[in-house]
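In listed order, ligands and their atoms are each counted from 1.
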Amino acid sequence: MAVCSCSKNNKSDEDRFIDDLLSRMTLEEKIGQMNQLDPEWDAELKEPLIREGKVGSIFNIVGAKEVNRLQRMAVEESRLGIPLIAARDVIHGFRTIYPIPLGQAATWNPELVEQAAALTADEATSVGIRWAFSPMVDVARDPRWGRVAEGYGEDTYLTSQMAAAVVRGYQNDNRQSSIGQSSIKMAACVKHFAGYSASESGRDYNTTWIPEVQLRDVYLPPFKAAVDAGAMSLMCSFNALNGLPSSANKHLNIDILRNEWHSDALLVSDWGSGSDLVPHGLCADKKEAALRCINARMEMDMQGNIYYDYLAELVQEGKVKESQIDDCVRSILRMKYRLGLFENPYVPEEEPVAYTDEALALASDIATESIVLLKNDGVLPLNLKPSTFNILITGPMADQPREQLGTWIFDGEPEHSVTPLEALKQYQTTSNNIKLLFEPGLAYSRDKSTANFAKTIAAARQSDVILFFAGEEAILSGEARCRADITLPGAQSALLAELHKTGKPIVLIVMAGRPLAIGADVANADAVLYAFHGGTMAGPAITRVLTGEAPSGRLPMTFPKMVGQIPLYYNRLNTGRPTYDPPVLIDDIPVGAKQFSVGYSSCWLETATEPLFPFGYGLTYTTFEYGETKVNGQLPMTNDQLPMTNDQLPMTISCSITNTGNVDAYDVPQLYVRQMSGDFARPIAELKGFQKIFIPAGETRTVTYTISREDLGYWHEEKDGFNSRVWFATDEAEFRFSIAPNAGAAQLR
Ligand code: BGC
């Protein structure tokens, strides 16, 4: 095997190497590369196929020894010695588990997210994994959909920042690496391309109908950001998008990914998403599915075996050109080449990297920053000064090492989790006036039994404060774990209501995989922390916030008051009948009211359009006062408004923020923009920038954002008979800007 330089920039070496190898491959060997196998599922198939050079990638094999054993078969026994690439669902950590991605998004701190990805790559690559099936960058506006846990929330801009951060963390980590000379440790796989998250009624794998312009404005930019950050691969999505599943979608995979974005990243199917074209009702059989997929340039088939079974036949029948196959194989070889696998196919069989002090400290920091303070009537931070202070720890999530890790933690080990109960016990050793009482009240989140209520209420009466750890078990979110009712499951709300009657102060801490509809629970608590599934170090993180560290998380998704409001997201259109005044609610309508008497605005009879908590929301232990938003250093002429003309771009938008309380804290000022008129109706607010800044008590900081013409553009569409054309442009229009602490506070009307 020729040894090549792995420099990413040395294109010609790379091309020469790949062309040479390709010219020596048989059709069967080429098709073999397009095959990704989970050896657990194909146990008897795997070894002979690897030896014959008919497997391009294996996944779900963990351990340097086993990966090397299979790799030796590929490198030393197959005719051309092409190495395998070992993949895995490494989603939010490997051994050390960081918060679920939705929680990571709540940090609004892409730097931390990047660091977590880099440390994740250290752990995963030490057991042979060179390809992670993440980040998932599907913008999600429906908390019923279980996979909101895996993404970065409802906003395109925030998700794009996080997408690029994860790609950089996995791929661009230039620290000394144990896996050879490639500067790329682990390839990212950006998923699910595309439009998966807009599933009807929040049900997984369900159909999505997304107009082209919305696809491009809302759903595609995070993929583009990841591709621009150098993402080495993308994964197709399962759903039918406008009737066409992405494994067969030429428009997505060829027009957009290849021709518009000029990406040379590898495109892999999702698990059997190619063969799923049959149940989708697109293809009569798997052979036809293979044809549709290759024609749409799905390059590697994950676990579907349709390429393995039918591609050669399709070439022989003249239905598929060998050059189509070459294009796909080139992408696969390119990724292996750039990862340095030809040069250095084996993993050192050393003690795997896991739970380093650095990783655990980072896991605690990122989990701390992911916690969002939603309400505080003054009970937080806990006043631990009295000579005795009795804390009741209750609720089904207080001591659940497995559940706090969240979904997709194949390699996470609950025995390494530090639960809130354990962390508070550790904290108690440093503060001996604290007495901890523990009565979980409910055994698990769905527990409906009231058998332990009396005991828990009795304990509550002995306490000075109640910490109620509520939420969802890990299995209730993630793939195929959608919910039609997103209130707290089981008897949690009932127990909380009973505890509320004791009159003791209650801190509700929610550990969940999605935004839950917790309006009634919030009313029964004096303070509320939303902690998502915080990972290995969730307990210490929550303890840090309870005992004084100022929270700095902000919501990455709108929290609805009730499930019927969904989809509820901040950057909606205004409609022609917006609601500004409180609507007339169902119980206020007089019996026999005339049709016109209660108004005609766009809202529900049970609630206004307002959410329980808006996107971007989060309190802390101090208060911040925002000055007026200035454009190019000047106060707005009226109401934050400044007519835009071409020569005013780029603009600087700034605002001063004063910490008016007594505690040093981070704030997350967010820049929102609204276009007031133009070719098409535009959202009432759009996030265009954010910063996470530390402001000591009593001090003022000025934040400044620069807005370019492109930042204000969006996709337009023109229909002309049967033809339709889309293009990106910025209208000549009036724009309003507001730097605000959350989307609900943006002054854009
Ligand atoms: C999921 C992907 C995942 C793949 C491999 C699929 O069911 O949709 O996100 O990477 O399985 O496990």
Side-chain angles (χ1 to χ4, degrees), residues 35-42 55-62 85-94 100-102 117 120 124 129-140 145-152 159 163 166-167 170 186-199 202-208 219 222-223 226 231-241 245-247 249 252 265-277 279-280 293 298-306 335 406-412 474-475 477-482 513:
N35 209 8
Q36 182 174 53
L37 282 192
D38 177 342
E40 293 282 300
W41 287 59
D42 293 288
V55 180
S57 169
I58 45 166
F59 72 125
N60 292 341
I61 293 289
V62 169
I85 174 166
R88 179 83 163 158
D89 282 295
V90 177
I91 310 290
H92 51 111
F94 184 71
I100 53 168
L102 189 63
T120 298
I129 292 154
R130 300 297 303 280
W131 189 10
F133 290 149
S134 66
M136 185 189 100
V137 304
D138 298 307
V139 168
W145 190 51
R147 302 198 85 168
V148 291
E150 295 175 55
Y152 299 91
T159 303
V166 176
V167 171
Y170 286 164
M186 184 162 80
C189 185
V190 191
K191 65 190 191 185
H192 304 85
F193 192 64
Y196 180 33
S197 47
S199 63
R203 186 158 60 82
D204 208 5
Y205 315 129
N206 205 3
T207 311
T208 68
Y219 295 96
F223 289 94
M232 298 181 88
S233 69
L234 291 92
M235 186 187 290
C236 296
S237 64
F238 281 129
N239 60 292
L241 166 66
S246 75
S247 311
N249 197 318
L252 280 177
L266 168 64
L267 183 66
V268 63
S269 75
D270 200 345
W271 181 290
S273 65
S275 51
D276 282 357
L277 298 187
H280 266 298
C293 290
M298 182 191 96
E299 296 177 324
M300 186 181 263
D301 179 21
M302 182 198 295
Q303 197 56 34
N305 289 341
I306 53 172
M335 184 158 106
T407 186
W408 283 115
I409 45 107
F410 289 166
D411 304 285
I475 193 66
S477 58
E479 184 175 351
R481 303 290 171 262
C482 303

Per-atom filter on ligand 1: closer than 4.0 angstrom to a heavy atom of Lys191 are 2 (C), 3 (C), 9 (O), 10 (O)
Next on the checklist: In this structure, does ligand 1 have an atom that sits under 4.0 Å from one of the heavy atoms of Met235?
Outcome noted: yes
Aromatic ring pairing Phe193/Phe223, orientation class (parallel under 30°, perpendicular over 60°, tilted between): perpendicular
Q. Is it true that Met136 lies under 4.0 Å from ligand 1, counting heavy atoms only?
A. no
Going by the 4.0 angstrom heavy-atom rule, the piece of Glu479 near ligand 1 is side chain
The atoms of ligand 1 lying under 4.0 Å from a heavy atom of Met302, numbered in the order shown, are 5 (C)
| Does Phe410 reach the side chain of Val62, with side-chain heavy atoms less than 4.5 Å apart? | no
What I'd like to find out is whether the side chain of Asn305 reaches to under 4.5 Å of the side chain of Leu37, using heavy atoms alone.
yes
Taking only non-hydrogen atoms of Phe133 and a 4.0 Å limit, the atoms of ligand 1 in range are 10 (O)
inquiry  = When you compare the side chain of Phe238 with that of His192, does any pair of heavy atoms fall below 4.5 Å?
reply    = no
**Asked** Counting N and O atoms only, with roles assigned by atom type, does the side chain of Ser269 sit under 3.5 Å from a partner on the main chain of Gly274, one being a donor and the other an acceptor?
**Response** no
Ligand 1 atoms nearer than 4.0 angstrom to some heavy atom of His192 are 2 (C), 8 (O), 9 (O)
Starting from the C-alpha separation in whole Å, work towards a yes-or-no answer on side-chain hydrogen bond (donor to acceptor under 3.5 Å, both in side chains) for Tyr170 and Ser134.
-> CA-CA 10 Å; Tyr170 286 164; Ser134 66; 2.7 Å; yes
Is Ser233 reaching over with its side chain to a backbone N or O of Ala188, donor-acceptor style, under 3.5 angstrom? yes
Atom 4 (C) of ligand 1: closest protein heavy atom, distance to 0.1 Å, is Asp270 OD1, 3.3 Å
Practice task
Give a yes/no verdict on whether any heavy atom in Glu150 is under 4.0 Å from an atom of ligand 1.
Solution key: no
the protein heavy atom lying closest to atom 3 (C) of ligand 1 turns out to be Asp89 OD1, 3.2 Å
Please determine whether any non-hydrogen atom of Arg147 lies less than 4.0 Å from an atom of ligand 1.
yes
(Q) I want to check something: taking the side chain as every heavy atom from C-beta on, are Cys293 and Asp301 in contact at a cut-off of under 4.5 Å? (A) no
